[in-house]
Amino acid sequence: MTLRRFAQLASHTAAAAALAVCAQAQAASQSLADDTPSGEAMAFDLFIVRPLGLVGTVLGTAIFIVSLPVDLISFNFADPARRLVIEPAKFTFTRDLGALE
């Protein structure tokens, strides 16, 4: 193999690698830019998931209130409050519409 042929092969390999990297970066940017939920996902979230989240928040709050005397005695009320009240409320009220993940 001559030096000229080797240089040609190396330049073609580098060009193919650059094209592959550019194509992969473009595909990744398109997939990141198009992660908006569909209308069906938004409607499902609005009419089914959010009301269930509200019910979960109310039930979690009720369970937390019932268990509060025991939690206060043991000075362990932060973790139950976070898991039973705060997390369901954040899921129900603060996330974007249709973002179920």
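Everything numeric in this text was worked out from a predicted model, so none of it was measured.
Judged by distance alone, the side chain of Ser67 and the main-chain N or O of Phe64 form a donor-acceptor pair under 3.5 Å.
Here the closest non-hydrogen pair linking Gly98 and Pro37 is O-CB, 3.6 Å. Annotation for Arg83 and Pro88: closest pair O-CD, 3.5 Å, computed over non-hydrogen atoms. Across Asp45 and Pro51, no two heavy atoms sit closer than the pair O-CD, 4.3 Å.
In the hydrophobic clustering of ILVMFWY residues, with side-chain heavy atoms under 4.5 Å counting as a link, Ile86 and Phe77 come out apart. Residues Val55 and Val58 do not share a hydrophobic cluster, clusters being chains of Ile/Leu/Val/Met/Phe/Trp/Tyr side chains in contact below 4.5 Å. Follow the hydrophobic side-chain contacts under 4.5 Å out from Ile63 and you never reach Val70; the two are in separate clusters.
The cationic atom of Arg95 (NZ for Lys, CZ for Arg) lies less than 6.0 Å from the six-membered ring centre of Phe91 and within 45° of the ring axis.
How far CE of Met42 is from OG1 of Thr36: 6.5 Å, rounded to the nearest 0.5 Å.
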Q | Trace of the side-chain contact (heavy atoms from CB on, under 4.5 Å) decision for Leu84 with Thr61 | A | CA-CA 6 Å; Leu84 291 172; Thr61 303; over 6 Å; no
